[in-house]
Structures are given as C-alpha cells and as structure tokens.
Amino acid sequence: MTRMDDPPRRGKGVCAMRGSCGRTSIFGADLPCPDDGNATEPGEKLRDLMASVCGPSYTVPDSVCCTYDQVATLSDRLQQAAPLIASCPACINNFRSFYCDFTCSPDQSNFLSITSTQRTTEGKDAVKEIDYEVSTEFKQGFYSSCKDVQFGATNGFAMDLIGGGAKNASSFLKYMGDVRPGLGSPFQINFPDNDDSLYPRIPLSCSDTNNINARCACADCPAVCPELPYVAPPSAGKCHVGAVSCLTFSLLIVYSVAILLGIAFYSWKQALRHRQRRYERHALLDPPLSPTAASGNTNGLDGMIGRGGEDAESGPSGSIHFRLGRGASLLDPMEHLQPKQNKINATLRRSFYRLGLFCAKQPVIVFGITALVVALLNVGWKYFAVETDPVRLWVSPSSESAAQKHFFDDNFGPFYRSEQVFITQSGNGPVNYDTLDWWLKTEAEIGQLQSESGVTLQDICFAPAGKGTPCVIQSVSAWLGEDMDEWEADWQSRIKDCAARPGECLPPFGQPIDPKLVLGGAQGDWLNAKALVITWVVNNYNDDRVALAEEWERVLRAYLAELSRPDVTISYSTGVSLEEELNKSTNTDVKIVVLSYLVMFLYVSLTLGGGLPPQLISAFSHRLWRGIINLGVLLRIVKSPPEDRSPVSPSFSLIPTLLSVNSKFSLGLFGIAIVLIAVSSSVGLFSLLGVRVTLIIAEVIPFLVLAVGVDNVFILVHELERQNSLHAAHDGNNDAQSVDSDGRQPSTGTSLSPEERVARAVARMGPSILLSSVTEVVAFALGALVPMPAVRNFAIYAAGSVFLGAVMQVTVFVSAMALDLRRAEAMRIDCFPCVRLRPPIGLYDETAPTGEGVVNKFMRTIYAPFLLKNEVKQLVLVAFGGLFLFATIGIQHITLGLDQRLALPSDSYLVPYFNALDAYLDVGPPVYFVAQGADVPTRHGQQQLCERFTTCMDLSVANTLEAERKRPESSFVASPPAAWIDDFLQWTNPTFESCCRVRKTDPTVFCSPRDSERLCRPCFEGEEWDATMNGLPQGEDFMRYLQQWLISPTNEECPLGGQAPYSSAVKLANDNSTVLASHFRTYHTPLKSQSDFIDALAAARRISNDISHRTGVKVFPYSLFYVFFDQYSHIQSTAVQVLSLALFAILGITSLLLGSWRTGATVTFVCTLAVINVMGIMGYWGISLNAISLVNLVISLGIAVEFCSHIARAFMGAGTGLPIDKDVGKKERDDRAWTALVDVGPSVFSGITMTKLIGISVLALTRSKLLEVYYFRMWLSLILSGALHGLALLPVLLTYTGGQGYSLEDTDEDWVTSQMRRPMDYEYAPFADTDSVMSD
C-alpha cells in the first residue's frame, strides 16, 4: 500500500479513477487505477453500452471517466442485483445511476476521494479505499425507493439481500460499500456525511406517477397504495364501564334495583300486617258477634274452608283438603277430597302397569326375548372399528375447511410433514461452542439414520431442486456446516452475520433461512437465543407412499427418545407423534375409569337394600353411646355413667342374618350389568351402521350411561319398598314372617302378591322414567347435530345406550326385582338364593312406626318446611338471581378452543414440545391464499393477480395481501406474499440475461442453464417490455413460458427461477392450456393462544371474501390448522341452536307428560338456569367452549331434567284438584311442593345426586387433562348445579307457577289407602283424629 504524495486534482471534468490496474490475487476482481486526469469523450460502442447498463433514467454524458471494460464489469455486477429489485423502476434506476455516476461521471473528483491504494499482481497501484460523498438527499431517496421492494420467493424484502436488512440509509450504503463477494464491493467504499456534497443527482421517487421510469407498484411503494376499509382488531370494540363489561354493569344495576324493590315491597307488606294485627287486638276487646267464632269450634263451615291464611297452626297448608280433622268426611263431598285424573298419566300408568305385571309374572320369557335381542344387536361387533386419525376425529367431512383441504391436497399436494426439535439449556442458553459442536455432530448422525427396510432421510425429504438434491433442513447447521472447527473463534461472528444477512449464508438447498426459524426466543439478540430450533421438511402423501416416511419417522423418534446431554433439554415431535400419542392416551386412565365404575357399583349395591330394622339401629346407637360414656369414665372425663334405663335390645347376632337377606347386592350387580349390556348393544348396533367408535366413547359412555341408568334403578327399588309398606298385612299373629327391603316384617299373607306390588311400582314410576329417559335421549341425540365426528359419534352412541338401558330397566330389571322380592320374602340369602335362613321371631313390632331413613327424616322435618317458608322462598329467589348474575359474568369469560395438549397423556413427550413451540418459535404458520377462476393467460386475468406492475388492479389478489400485511393486528398476516405471477413475469424481463433464454437460431427452443451464452439470447430481447405490462406474454406464449419457468432452477445467476419456490404453487390444466388454480404463500403472525388461531382463521376468511368480491376471482385461505379450528367459526351459533332445540323439546315433552304447560315451562326454565350456571362455571374454571363442552352442555340439560322431572311429577300427582285460581291456590301449591320434596326428594338426593357425585369424584384422580377438564370439571358442575336447582329452586318456583294437580292412583280405594297408610309423610294425616296425630 502506498499513500499518494501529491494531492489529486479536483474540479468539474476531472476524474478520480479510471481503467483497471489488475488484481490483488488470482481470484480477485479487477481494481480501478487512481487517475486525476480529464474526462474523455466516449466512443459509440461505450456510449451504447452505458445506455444499456445505466438505464433509461440515466443520460450518457459527453465525456466520461471510465472505459468499456469497466462498464462491462459493472454490467455483470448489476445483473446480480437487478432481478431482486427490477419490479420497482425507481429503485433499480437509482441503483444503476448510483453506480454509473461512481464509475463514469466526468465530475468524479467533486465527490470521490481516494484515501488509500494497494499494489496489484501487475505491480501497479490500485484503489483500496475511497470516500463517496453522496448527498443526503440522494442517500435518503435511494434508500426510500428500495426499502419496501419485495422478493416473493423468500416471502421477504430485497433489502435483506442487497442491503443486509438495513433499517436506514447509512446502513444500506455501508453494506454495499463493504468489501465482500457477491453484491459487495471489491474495494472499500466509505460514505461520509457531507451536507455540502457536490453530488448532483436527484433521486427518483417510487410514487412519481408521471414518470414511467420511476413509478413503482403498490407492493414495492406503500405511498401509492389505496387504503383498505378499516377493520377493527379482534380485541377492539368491546364495551366496558370501568373494569366490567357493559352487560355485567347493566345486570348489576337491574339486580340491585330488583332487590331494592323487593325490600321496599316486603317492608310495605310488613307494615300492612302490623296495622292488621293492631286492628285485631282492638277487635278482641269487643264481644264476639258470631256464635261460631265464640265457640271456637273449627268444625262445620269454618272447618270446611280452613282457618285464615295466616293461621300459624294450619301446618304446611291452610287448605282443609290436606288438613282433615274430625267430621271432615261428613261435611266435605268426596269429589272435593279426591284428586282428579289426568288422561295421559292414567294411560301411561295402565300401560306401565300391564308391562310391569307381565315382566314380573313371566321373567323367563322376558329374559329370553332380551337375550335374543341383545345377541342380535351385538352381531354388529363384527364391524367394530376405532377411528384414530386426528383429522377424521375432529373435523367434519362436510365442513368448509375440510373441502378446502381436500382441494389443496389434490391440486398442490398435501402439506409437508415436519420433524422438529427444540434444544434448550439452562444458564445462558444453547448458543455456545460445546452445545453447537455436539448438535452439529448429532444432526449429521440423524442424516445417516436408516430404517429396517433401508429408508433414509434423502429418500423422503423435500428437495426443492428435485430428487437427489439437498433436503430442506432449517437449522443453524445451514450457517455453520457440520464442523465447528471450521470457524474456531469466528463462530459467533458467523452466526451474527448470517442472522443479519441470510442471503449471504445460503444453505445447500439454496433458499435463505429466516433466523427466527432456527434461533428461538432471541428477540434479535441471536447469540443469546433461548432455543435452537431444527426442522426437517418431509414430503407428504395421501396414499401408501406415506408409509416410507412414517417408517423413517419412527426411527427418528426412537433415536431422539434416547438422546440426552447434561443440562440440555430436548423437546421433539415427528410426523407420527401426535396420532400415536392421542391413541396411547386411551390406556392411561383405564384404572381410574374402572375405579370410578367400581365405586359407583359398590355405592349402588350397598344402598339399594333396606338395611336393618329401626329397633336394631336404635339399639346399636345406644350401645355405641354407652361405650363412649364408659370410655369417658375411664379417662376421668365423666364422673359416673348415668343409669341405663333402656329396654333389652335384640341380639346383635341377628345382624348378619338380616343383612344377608335384606341386601340388594345381586340386584345392584344386575342393574349395572344391564347398563354395560346396553352400551355393548349400542356399540354393536351403530358399528353395524358404520358409525366408528372413538376413544371418548370407550372411556366415558359406560360411565355416563351408568350414572344415568342407576337413577332409574334407585327409583324403582324405592317405589317397590313403598308399595310393600302400603300393602302389608295386619295380622300380627302370623309366625311365617319374612324380612322385606324396608326393614319391616310383613306376613306372607300380604294384601297384594309380589308381582302385583312390582307392577304397581312400575305403574307409578314408569311415567317418571319415561319422562327423564325420553328427555335425555332427545338431548343426547341433538348432540349429533354437532358436525365434529368424535362428538357426533359420542352423542349417537350415548343416545342409543341410554335408550336401550331405559328399555331394559323397565322390562328385564323389573323381572329381576320380582325375583329378588320373592327371594327376600322367602328369607333366602342374597347372592346365594339356595340357602334359606330361619326368620327371627319377634324382632318386629307391627305397631311400631315405619322405619324412616336419615335423609327422609331430614327432608320431611327440617328441609322442606324451612324451604317453603315465605321469607325463605324469597331469599331463595334472590340467591338464585345472584347466581344467574354470577354465571352471566362467567359466561363472558368463556374462551373458544381445545388445546391439543389436553388430549395427550400428562407424561407425553409432546407436552414439553408444545410448550417449547409456544415459548420459542417466533414465526407463525404458513398460510396459502388459493385463487381459482382467473383467466390467467389474458392480460385482465394477470392484472387480477399481480402486484409488481403499475397496471395491476389496485386491490388485486397480491396487492390486497400486501395491504393486509401492513395491519397485522387485524389481518394476522406477517410476511409479504409470494406472488408467483410477478416473479414469473419478471423472469421474462430481457434485461436479465441469465433468466429467460432461447436459442438464437431457433427462438422456440429454450436454453438450459448449461448452454453457452453465445448460443442464447434473452427471450424478449429487442422487444417492448416495461412495468406497464406492455410486451409481456399472453395466451399460448404465456403458457409456454410458464411451463419453462416452473422447471427453471433458482440460482445466483437467476434468483427468479420458479422450480424451487413455485413448482407446486401452480396447477395447470391437463392440456396445459390454462391455469386452473394457484396459491399465494405468506405467513401468519406468531400464534400463541387458541384465540389467536381462531382469530387468524376468521381474518384469513375475511380477506379471501374481500378479494373475491373485489376481483371476481374465487379465493379461499388454507393453513394446516384451519381444519381443526373451523368449528369455532360457527360453534356459538351451533350452541344456541342445539340448546334452543333441546329446550323446546324439553318444554314439549315435560308439558305433555306432566299434563301442565305451566309446570313444563317451570321445569324448562329451571333446567335453563342450571345450564347457564354450568356455563358460568366454565368461564371461571378455565373450560373452553368447543365441540366436547357443547355436547356436555346438551348432556347437562338432559341430566338437569332428571333432577327436576321426578319432583315435578310428584308435585303434579300430590294435587287435590282444586282450581288454581281459588284463594287457597297458593297454599295448595305449597302443600304439593312439600309433599313432592318429602316423597321423592330423598330419592333425588341419594339415588341421583350422590350416585353421580361419587362416580364423578373418582375422575379427579385422572392423569388425562381432557378427562379432568371436560368431564370431571364439567360434570361435577352440572351435578351440583342440577341438584341445587332441582332441590331448591324448582320447589320454590312451583309454589308460584306450578300447574293444577291430579292423582297418580287409578281408584278411590288406592287413593284413600295411600293417604291413610302414609302417616309419616304429613304433619296432619288424612282421616286421623287430632289426638292421634304423630309428633316428631
């Protein structure tokens, strides 16, 4: 290197450098010589070359400071950049002028200063470093014209390639001036800031619409883009008042006002009552005016109409019809005392009576017919098949996304399979020498993996340039190679440079890699990235060829499972992982599900029996208390035990005998067997019809049907016990006594036979079972309206199982009840009926009151009277109003989606993989906008699609996508679209001499990349070709050039070749006459949550619809996840539709079978509130709305009816037949509500609530998050909500809105008997003397 001794000349017409002084090495570039001589006039040949190289916006000066060879070298270098920026005339012409001024301007010395030189191999001094004083105006204008120019093949910007991703003008020029191969400079060019620069050129503006050599299309120049209509982001537009939503605020106001009005009304009523009591006290000072009133006799007229409405001694009701004293039978007509009949109820009772009598008397025939039908239904198991494909499980075949996926796969090929690994390390992250060195060696080993049949990665990978060429592997190895020793201490600089300028570090497959794809969680600090991300892209097929890929993927999965390194976490997924792990999840909770069944089975079996006689229970309790007292005496806590005055208790040796006879273990076992048989028969039936079983069905339906079916078992058995108590014999001298299920010992000479009692039990409870079962079957069947196959099949199987179970419970189970009753009365041991025991004589006292359970007594003496007090009823309404408000707030927090991690076993290796995917991958999934119906060979068809030419439609397909990219918060589009039409038409640009080439001798023959330049010429050389699309190919020429472009390689000579980026993006007609379909690829923004995925799909569909409307081209979006999230575009409307249909069905069924539209409407309203509360709990408990939870909501509606229907029917059947508009109507409804609670409340609590609660509680132990969230949480919520609404709100509402009652008995004798034989049910028993009223 030598320093220049004399200062160079400067001035107008004076050069700074010229010519070539040789190279510094044999592989170096020619370097210019320092030359401060005068500019010279160019020859004709040089002038023509300069006009060609410097472009139309450059005027060739009269004198120049360059030679022909210099301009030829400049032409070669500009050819590398031209294909990247040619779509924007302002950018490429500024680029050309910038370098032509630098090389040839006659006034070089005014803005160029050589600061150092170097010796070449020829011994001459050449330029080593130079200052290029470009004006600030041109710097900024040059950068502005190029910064937004896109390069579609990489979904990126040309600035990433020509400017190293520069973010300002200074960085842009510095990148171009630094010494580097490719687009860099052969010597150092510095760009000092100089406000007094004499550089004369004015930059071209991309928005100059009057200059054809400057104006750029919208895609490359945002200033000329039309504005899109505003679209609010998904998070915008929600109404809030402070921290709460407007809906919540409004409900709070309404609720508060309602409470205040209620308090005001209550205060007003209390004031009126206070005034009335004062008046009555004054009236008592006057003599009585009525002899009836004076006598105080409540018989006669006063007795018939009852006491005043406020009479505190009137018991549960002031109505004489439920408070019958002496003489009532003489004064009141029988038709007033006896309830009326309901025709539907009477018809159903008679039908069920006949069915029950037949089943009880002919158990052999019933068992035989049932066995035959079950055997025929189970023949369908021959066609049993389990669906395991995630797409077929969770995607409706008729959904829009499924059809679009099918179209995409058929025309462009299935989306690639991917094998992905995340490498994380505690401490400073995995970007360190040792970890990188280990991984590069590991990656090399993976590349050599081979399956048993010899399949390797090279056989199945996606190779853009064709089979046998390098595979697409997105990894840091693309920058570092296979050995860290190659870089030694420079490895950090290498990573930083490649991340900043991916175009300079091309991997073997030839496409630049976005650093976000290989360095996760870096936030721009690449050396401190939190994860290494490695992705192998594998070809996918919809036929048997995919088996080879799956075979190699299993080998890779096994290799990664064994891979380990201290302090390094390896999270991975292969193409086969998700399906395999989803299928494996069916085995993870078998023990939990079986345990749940066993717990329910034990509960049913142990609680069905009548247990021990009340005397024995009382004696046992007394002895236990005495034992505690004696223990207290021994511990000196109690001074002395009190005197024991209890009578002699029966021997405890009787307990085994009584338990063995009273036990219903075998009957409970049979009831559960019926449930399992119903499920098996349902599977057989629907397998025969081609409905596939899913894993949810296998795990949940037996439990669901068991929980539903056991209720009917409880109700039938409890009603049979009641029938036994009603129809017991009164002869206490009969020694041939037996123990029935109620702990009572009626003689064998009961007034009715066992078969008759069973028939009457079925007749009384059959309509209730019909009501609940029909409602549940209809609710489950409505779940089949949900299009998701896994959920639809679940609903179908559940409806079939519940229906078959209900049918068998009122037929074959009735036969089993009759047999069990005969066994018990014959004193035969349960489970061993051949063994008969000696009856314990004298244990039972016929005069003793009927044994009453704890729940029954609590319900009769405490709960029902307390609940039906006026003040309590009002508080209940207020409390449930608050629950409704609370639920409404929760509903607003329900999110949509189903996190696939929930469907996996909790210990699955995919769970940490999905966690790493969310945490570290900063790139969204690719999305393809597929265009159909455009006549692409015509100019209009091209203008509908393109964006890089000034005559493209303002809002063409590509222009709209680019405009949407600029508002990612609304569009969820992050990258410029890869517009194949633009890159193809740019490929035909004659200024790109290495792209579209034909033979000089025969222009119909295309040149290959290997053909010599002297044999070929640009396709459109010498023809008109400009940014207005003049001269671009159309018609048959268009299709001929297009076919060639699709097989042209993408390389450094011509980066616009279509083989690598677009070979699968265009679908041609079979005769290659037109384009049938094509896609425009871009990327979503990073999607982290379920709502992000749902909003991204909605935004993509909105964009497609807008494009179709504006251009007339049919466009739809496709991304791999769309098929799974399609349901959420309509799930809310589907939920409203399905639940509304279910509610209307419930209203119709309950109104019909209960015989009152008012009671049916009340039941429907309560069920609606129960489901709304379940939905509210979903919002608070993190349960998202999806197809599974929607079906569970429908199920909860059906089960809520079960909690309500039995109480509602008991309420209707407890009526006196009084018109409901009588003054005593309200008190009459109170009494019927009290009766209903006492009659069936205990069964609803112990037989329905507790059975379900115990069974579902075991699911809390599950390891499956799917079972925990969508079955344990939801069903626990619906059980608690259903029980609360059925046992608390429904009785209260029925006292206000219940319909007119009727009798459940058919004859006068039955009604009178039932009333007289139920003394424990009423505080004042019908036809009982006041003196004989029982007291608690």
Side-chain angles (χ1 to χ4, degrees), residues 153-155 408-421 443-475 477-478 481-482 506-513 517-518 534-557 559 574-576 926 928 978 980 983-984 987 995 1006-1011 1042-1068 1070 1072 1077-1079 1081 1120:
T154 62
N155 286 107
F408 189 92
D409 291 351
D410 288 347
N411 288 278
F412 307 113
F415 193 79
Y416 307 110
R417 304 171 71 89
S418 65
E419 333 298 327
Q420 196 166 55
V421 175
E443 191 175 311
E445 292 179 8
I446 291 174
Q448 301 301 316
L449 289 178
Q450 189 171 345
S451 70
E452 292 182 359
S453 61
V455 179
T456 64
L457 176 61
Q458 191 64 45
D459 298 326
I460 60 171
C461 73
F462 170 59
K467 195 166 183 64
T469 59
C471 300
V472 173
I473 303 176
Q474 296 171 336
S475 169
S477 64
E482 296 184 358
L506 294 179
F509 61 87
Q511 297 290 309
I513 295 179
L517 289 172
V518 297
I534 303 92
T535 307
W536 295 266
V537 183
V538 174
N539 285 317
N540 197 8
Y541 306 96
N542 284 331
D543 51 37
D544 294 339
R545 290 176 293 174
V546 77
L548 295 177
E550 292 176 346
E551 184 180 336
W552 186 84
E553 286 168 346
R554 291 188 179 93
V555 174
L556 174 63
R557 183 201 60 208
Y559 177 87
T574 67
V576 297
Y928 301 84
W980 68 271
D983 283 357
F984 161 60
W987 175 76
C995 289
F1006 289 98
C1007 291
S1008 69
R1010 294 184 296 273
D1011 290 338
L1042 178 61
Q1043 294 172 58
Q1044 179 62 27
W1045 175 68
L1046 290 174
I1047 60 173
S1048 297
T1050 306
N1051 50 37
E1052 291 185 0
E1053 289 74 24
C1054 182
L1056 293 173
Q1059 182 183 39
Y1062 299 114
S1063 58
S1064 61
V1066 183
K1067 176 66 175 179
L1068 305 181
N1070 292 332
N1072 294 327
S1078 61
H1079 68 62
R1081 183 187 70 248
L1120 192 60

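Below, all heavy atoms of this structure are taken into account, side chains as well, without hydrogens, waters or symmetry copies.
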### Query
Under 3.5 Å, is there a donor-acceptor pair between the side chain of Ser418 and the main chain of Gln420?
no
### Query
Under a 4.5 Å cut-off applied to non-hydrogen side-chain atoms, are Leu449 and Trp552 in contact?
yes
### Query
Hey, is the main chain of Gly1057 close enough, under 3.5 Å, to the side chain of Thr1050 for a donor-acceptor pair?
yes
### Task
Mark yes when over 12 heavy atoms from residues, nucleotides or ligands other than Asp543 sit less than 6.0 Å from its CG; otherwise mark no.
yes
### Gln474 versus Ile513, closest heavy-atom pair with distance
CA-CD1, 4.1 Å
### Test ring-ring contact (aromatic ring centres under 6.0 Å, His included) applied to Phe408 - qualifying residues, sequence neighbours left out
Phe412, Tyr928, His1079, Tyr1118
### Message
I want to check something: taking the side chain as every heavy atom from C-beta on, are Leu1042 and Leu1068 in contact at a cut-off of under 4.5 Å?
### Response
yes
### Task
Compare all side-chain heavy atoms of Glu1053 with those of Pro1009 and state whether any distance is below 4.5 angstrom.
no
## Note on the structure
For Arg1081 and Pro1061, the nearest pair of non-hydrogen atoms, with its separation, is NH1-O, 3.8 Å
### Message
If we ignore hydrogens and angles and just use 3.5 Å, is the side chain of Gln458 paired with the main-chain N or O of Thr469 as donor and acceptor?
### Response
yes
### Query
Does the ring center of Trp980 lie less than 6.0 Å from the ring center of Tyr1062?
no
### Task
Ignoring hydrogens and angles, tell me if any N or O in the side chain of Glu419 forms a donor-acceptor pair with the backbone of Gly575 under 3.5 Å.
yes
